[in-house]
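Following: one structure in structure tokens, then a few remarks.
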There are 2 protein chains.
Amino acid sequence: MSKNVELDAKDVRIVRLLRKNARISNKELAAKAGLAQSSCLERVRRLRMARVLTGYHADVDPDPLGIGLQAMVAVRLARHARADVEAFERHLETVTEVVTIFHVAGANDYLVHVAVRDSAHLRELALSAFTERPEVDHIETQLIFAHRRNHELPVYLDLEED
Amino acid sequence: MSKNVELDAKDVRIVRLLRKNARISNKELAAKAGLAQSSCLERVRRLRMARVLTGYHADVDPDPLGIGLQAMVAVRLARHARADVEAFERHLETVTEVVTIFHVAGANDYLVHVAVRDSAHLRELALSAFTERPEVDHIETQLIFAHRRNHELPVYLDLEED
DNA sequence: AGTGAAAGAGCCAGACG
DNA sequence: CGTCTGGCTCTTTCACT
């Protein structure tokens with residue numbers, strides 16, 4: 001899949017710092033990673049080119065944006081032919097309420113995290129984006145009370161480095 | 001929950017742009033949002049203070065970091081007393097393999113997205129972080145083949161603005 | 001609130017050790 | 001890989017709408 005990118009301890013430190021705060025200045029990043037600014041800039045560029053760093057995104061409180069409700073929709077497909085899988089995934093990409101799509105192995109085929117205005121909106125979305133789709137056999141919707149994302153990298157990654 | 005923050009169309013545009021690219025320069029952000037640099041800077045500051053923008057984070061390819069496997073662990077608690085819930089959540093915060101915790105209503109109580117080295121690591125984690133916990137009644141683990149996050153804001157948010 | 005201008009800080013390349 | 005230099009761009013403040 002990904003090219004044989006080898007990361008050393010300083011690369012991991014850079015990645016870890018950018019994961020925690022993507023708007024850190026190169027100057028501060030260099031200082032905290034223990035590098036000169038020029039070297040740091042070069043490493044970040046290489047990490048981006050190698051697609052180790054794939055993007056920088058702001059996290060937003062859904063409430064003031066009018067997102068009153070979030071849910072996880074577990075989806076089981078009727079058939080698992082490549083055509084069905086691809087058609088369903090292409091369809092999901094057009095649904096703006098979708099936050100994250102997890103393609104899983106187990107009782108379900110997909111877990112789809114959606115963000116909606118209210119319960120009426122969720123009901124309408126469940127029908128139009130899922131139940132009424134020909135590829136879909138069955139869905140089960142769970143309301144999300146709260147969710148917390150962890151922006152630290154796992155510590156076990158440190159053990160591999162010098 | 002959140003204070004009565006009212007966002008106008010320009011705020012939404014700023015948030016949308018920062019969600020797509022958190023490292024955009026203030027100059028470019030101002031141009032794309034249709035504001036002077038100084039006004040744009042002031043708005044971003046206000047959005048951060050109001051906790052509408054809660055952070056900026058780099059997205060990383062898990063592969064080169066030694067994350068070979070990801071899974072969603074569905075957890076059912078034995079009891080739902082406040083003490084049990086809080087103890088379990090506090091525990092999860094100490095587990096570095098945890099990526100996201102979804103607290104849900106439905107058949108399960110939590111969906112926990114974890115990132116691990118390999119299947120041996122997952123097996124060990126399932127035992128030590130979940131099954132052996134006194135608060136936990138039952139878990140079900142689903143392998144994540146792939147997941148795609150959508151960094152666009154839902155389009156239905158635009159309709160509220162002038 | 002928003003703007004424009006001006007000072008200050010940070011960015012980034014190139015040359016060299 | 002680190003340092004230094006120099007020019008350039010972006011950031012940030014401030015007085016004025």
Side-chain angles (χ1 to χ4, degrees), chain A residues 3-61 63-66 153 157-162, chain B residues 2-60 64-66 151 153 157-162:
Chain A
K3 310 117 198 107
N4 295 354
V5 225
E6 281 295 321
L7 305 189
D8 67 11
K10 283 170 183 167
D11 289 323
V12 174
R13 225 172 300 152
I14 287 172
V15 169
R16 174 164 273 136
L17 288 161
L18 283 173
R19 242 191 107 59
K20 207 183 279 183
N21 175 17
R23 275 192 82 96
I24 190 173
S25 73
N26 181 64
K27 187 186 184 183
E28 197 181 341
L29 184 63
K32 290 193 179 172
L35 285 147
Q37 295 179 29
S38 53
S39 323
C40 186
L41 201 66
E42 175 60 23
R43 274 175 185 259
V44 171
R45 207 200 319 270
R46 270 192 294 124
L47 290 169
R48 296 209 49 167
M49 288 305 108
R51 307 287 298 159
V52 175
L53 294 168
T54 53
Y56 307 106
H57 305 282
D59 265 19
V60 178
D61 178 7
D63 232 67
L65 286 167
L153 287 183
L157 301 176
D158 284 336
L159 307 176
E160 305 179 356
E161 314 299 331
D162 39 310
Chain B
S2 68
K3 309 115 199 114
N4 296 354
V5 223
E6 282 295 320
L7 306 188
D8 67 11
K10 283 170 183 167
D11 288 324
V12 174
R13 224 172 302 154
I14 287 171
V15 168
R16 173 164 275 135
L17 287 162
L18 283 173
R19 241 191 108 60
K20 206 183 281 181
N21 175 15
R23 275 192 83 96
I24 190 174
S25 73
N26 180 63
K27 187 186 183 184
E28 198 182 340
L29 184 62
K32 290 192 178 172
L35 285 150
Q37 295 179 29
S38 51
S39 322
C40 185
L41 197 68
E42 175 61 22
R43 274 179 185 257
V44 171
R45 209 199 319 267
R46 276 209 316 266
L47 290 169
R48 296 209 50 166
M49 288 304 109
R51 308 286 299 158
V52 175
L53 293 168
T54 54
Y56 307 106
H57 305 281
D59 266 18
V60 178
L65 287 167
H151 296 289
L153 287 183
L157 300 176
D158 285 336
L159 308 177
E160 305 180 355
E161 314 299 331
D162 40 308

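Worth knowing before you read on, the calculation uses all heavy atoms, side chains too, and leaves out hydrogens, waters and symmetry mates. Quick note on labels: first sequence line is chain A, next is B, and so on, each numbered from 1.
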Sequence neighbours excluded, which residues qualify as side chain to side chain contact (heavy atoms under 4.5 Å, CB included) partners of [X]?
| X | answer |
| --- | --- |
| B:A36 | B:S38, B:S39 |
| B:R45 | B:L41, B:E42 |
| B:R23 | A:L18, A:I24, A:Y56, B:N21 |

Residues in salt bridge (charged side-chain N to carboxylate O under 4.0 Å, His left out) contact with [X], at least two apart in sequence or another chain:
| X | answer |
| --- | --- |
| A:K20 | A:E152 |
| A:K10 | none |
| A:R13 | none |

Within the side chain of [X], is there an N or O that forms a donor-acceptor pair under 3.5 Å with the backbone of [Y]?
| X | Y | value |
| --- | --- | --- |
| B:R19 | A:H57 | no |
| A:T54 | B:D59 | yes |
| A:N26 | A:Q37 | yes |

Notebook entry, point to check: Less than 4.5 Å apart, any side-chain heavy atom of A:V52 and any of A:D11?
Noted result: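 Side-chain contact under 4.5 Å: no.
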DNA chain D-proximal residues of residues 41-48 of chain B, any heavy atom under 4.0 Å
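Under 4.0 Å from DNA chain D: B:L41, B:R45.
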Taking any atom closer than 4.0 angstrom to a non-hydrogen atom of chain B, what span of DNA chain C does the protein reach, first nucleotide to last?
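First-to-last contact on DNA chain C, by the 4.0 Å heavy-atom rule, is C:dA1 to C:dG4.
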Let me check the geometry of the helix from C:dA1-D:dT17 to C:dG17-D:dC1. What is the bend angle between the axes at its two ends, five pairs each, to 10°?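 Between the axes fitted at each end of the helix from C:dA1-D:dT17 to C:dG17-D:dC1 lies an angle of 30°.
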- How many angstroms lie between atom CD1 of A:I14 and atom CG of A:L53, to the nearest 0.5 angstrom?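 If I round to the nearest 0.5 Å, the distance is 8.5 Å.
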Could you grab the distance from atom CG of A:L29 to atom CG of A:L17, nearest 0.5 Å is fine?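 With rounding to 0.5 Å, CG (A:L29) is 5.5 Å from CG (A:L17).
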Nearest atoms (heavy-atom pairs only) where B:V12 meets B:L153: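 Heavy atoms only, the tightest pair is O-CD1, 4.4 Å.
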Lys/Arg N to Asp/Glu carboxylate O, B:R51 vs A:D63, below 4.0 Å
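Here B:R51 does not pair with A:D63 in a salt bridge, since their nearest N and O are not under 4.0 Å apart.
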- Identify the 5'-most and 3'-most nucleotides of DNA chain D with at least one atom closer than 4.0 Å to a non-hydrogen atom of chain A.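 Terminal contacting nucleotides, 5' to 3': D:dC1 to D:dT3.
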*asked:* Can you pull out the residues from residues 22-35 of chain A that lie within a 4.0 Å heavy-atom distance of DNA chain C?
replied: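 Those residues are A:S25, A:N26, A:K27.
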- Identify, with sequence neighbours excluded, every residue that meets side chain to side chain donor-acceptor pair (under 3.5 Å) alongside A:R16.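 A:R16 satisfies side chain to side chain donor-acceptor pair (under 3.5 Å) with A:D158 once adjacent residues are dropped.
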